[in-house]
Amino acid sequence: MIKAKKRFGQNFLRDESFLNRIVESMPNSDNIIVEIGPGLGDLTKKIFVKRDAVKAFEVDTDLCKILKNLFSSHIDESKLELICGDILDIWQRQNLIEQNYDLVANLPYYIATKLILKALEDENCKNITVMVQKEVADKFCAVVSDRNFSSLSILTGLIGESRINFLVPPSAFEPPPKVTSAVFTIEKNKNYYGVNGVFEDEKEFREFQYYLRIAFIAPRKTLIKNLSSKYEKSVLVNIFTNFSLQSNIRPHQLCISNYYLIFKELKGKTDGPIK
Ligand code: SAM
């Protein structure tokens, strides 16, 4: 067995029943699958039971050699395209793929949140089924008033529907991680840029992310206090009064649609939540 490299977040899921359950959790679709970090190929094999085409990105050159041997017939038949490189470097420069895709992965935990945010932003990505640290899954899937309701829950809620599918104990991995993991799914059900979309364009989507960061900058303080660190207090008080919102509301207590409405008002009434 190859020695796992800590710096690449390598914890290989070897338990057959959990591997099967990840694939069973994938929403039905005809989209090609993008897998980030195929590792030793155990999840990749299971994905091929359900789908014909996979594009996989693996940073570790030693694992790439193993994968090329293991999947040589899939590669020859163009069922698997294996890209050896750092997914974040690649994603910064270009789209992962120029067609609709579903993301399925046991993500490297050190960059999991970043990768899910990229996938949320990528309009070609239609569904996301990933394993991450349980606490991260909780943040993406929380609903208003939950302790974990956060900027990640709001972005996810605006773009699609999320659910936690099941938890995975450390003992299912080699080597076992220190934390419990969770597999969750986001089914995107809305266009979110451009014509008919939630946001005017990519720039507005980023402005919204910036505004959410300010809203949750101190989760225990009031929302108005947080927002007034960047936006004019009198404008905020007016907006809260017009929407009949209590001035002492905390960031985790405001529903997703109100977050969006306040954002739109702020854009219209101030120089905008620009960053
Ligand atoms: N899919 C395998 C499994 O389920 O057992 C391995 C999952 S392991 C948690 C994460 C995988 O992501 C490893 O194979 C690791 O080498 C790969 N990885 C880590 N950082 C990466 C990066 N920046 N780009 C692409 N792959 C990466």
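The chain is numbered in sequence order, starting from 1. When a ligand or atom number is given, it counts from 1 through the structure's own listing order. Keep in mind that the numbers below use all heavy atoms, side chains included, and drop hydrogens, waters and symmetry copies.
Applying the 6.0 Å contact sphere to NZ of Lys233 captures no more than 12 heavy atoms from other residues, nucleotides or ligands. Atom NZ of Lys221 has 12 or fewer heavy atoms from other residues, nucleotides or ligands within 6.0 Å. The number of heavy-atom neighbours closer than 6.0 Å to CG of Asp30, taken from other residues, nucleotides and ligands shown, is 12 or below. Annotation for Asp52: atom CG does not count as buried by contact number, only 12 or fewer foreign heavy atoms lying within 6.0 Å. Around the NZ atom of Lys188, the shell of radius 6.0 Å holds more than 12 heavy atoms that belong to other residues, nucleotides or ligands. Atom CG of Asn28 sits in a sparse spot, with 12 or fewer heavy atoms from other residues, nucleotides or ligands closer than 6.0 Å.
Within the structure, the closest approach of Ile111 to ligand 1 falls below 4.0 Å when heavy atoms are considered. The shortest heavy-atom distance from Leu40 to ligand 1 is not under 4.0 Å. For Asn11, the closest heavy-atom approach to ligand 1 falls below 4.0 Å. Residue-ligand proximity: Leu63 is placed with a non-hydrogen atom under 4.0 Å from ligand 1.
Below 4.0 Å from some heavy atom of Gly39 lie the following atoms of ligand 1, by number and element: 6 (C), 14 (O). Ligand-side atoms of ligand 1 in range of Glu35: 1 (N), range being under 4.0 angstrom from any heavy atom. Residue-ligand proximity, Gly9 to ligand 1, at heavy-atom distances under 4.0 Å covers atoms 8 (S), 9 (C), 10 (C). Per-residue contacts place Gly85 under 4.0 angstrom from the following atoms of ligand 1 (heavy atoms of the residue considered): 24 (N), 25 (C). Atoms of ligand 1 lying under 4.0 Å from at least one heavy atom of Pro38, given by number and element, are 1 (N), 2 (C). Listed by number with element, the atoms of ligand 1 under 4.0 Å from a non-hydrogen atom of Phe12 are 5 (O), 6 (C). Contact atoms of ligand 1 toward Glu58: 13 (C), 14 (O), 15 (C), 16 (O), 17 (C), 26 (N) (distance under 4.0 Å to a heavy atom of the residue). Below 4.0 Å from some heavy atom of Asp86 lie the following atoms of ligand 1, by number and element: 23 (N), 24 (N).
When hydrogens are left out, the protein atom nearest atom 24 (N) of ligand 1 is Ile87 N, 3.0 Å; that is the closest non-hydrogen contact. Leu13 N, 2.8 Å is the protein heavy atom nearest to atom 5 (O) of ligand 1. What sits closest to atom 1 (N) of ligand 1 on the protein, heavy atoms only, is Gly37 O, 2.8 Å. If you check which protein heavy atom lies closest to atom 3 (C) of ligand 1, you get Asn106 ND2, 3.4 Å.
Here the shortest heavy-atom distance to atom 25 (C) of ligand 1, taken over Asp15, Ile22, Val59, belongs to Val59. Of the candidates Tyr110, Phe57, Phe8, it is Phe8 that places a heavy atom closest to atom 15 (C) of ligand 1.
Linking ILVMFWY residues whenever their side-chain heavy atoms come closer than 4.5 Å, directly or via other members, leaves Leu107 and Val104 in distinct clusters.
Using cut-offs of 30° and 60° on the angle between ring planes, the pair Phe71 and His74 is perpendicular.
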Exercise answer: donor-acceptor pairs, residues 175-187 side-chain atoms, under 3.5 Å, sequence neighbours excluded:
residue: Ser181; atom: OG; partner: Tyr109; partner atom: OH; Å: 2.7
residue: Thr185; atom: OG1; partner: Thr129; partner atom: OG1; Å: 3.2
residue: Thr185; atom: OG1; partner: Asn165; partner atom: ND2; Å: 2.9
residue: Glu187; atom: OE2; partner: Arg163; partner atom: NH1; Å: 2.8
residue: Glu187; atom: OE2; partner: Arg163; partner atom: NH2; Å: 3.4

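A salt bridge links Glu16 to Lys46: at least one charged side-chain nitrogen sits closer than 4.0 Å to a carboxylate oxygen. Ion pairing between a basic and an acidic side chain is recognised when a charged N comes within 4.0 Å of a carboxylate O; Arg51 and Asp102 show such pairing. Salt-bridge check for Lys267 with Glu204: passed, with a basic side-chain N closer than 4.0 Å to an acidic carboxylate O.
In terms of polar-atom proximity, Gln10 is counted as a contact of ligand 1, with an N or O under 3.5 Å from an N or O of the ligand.
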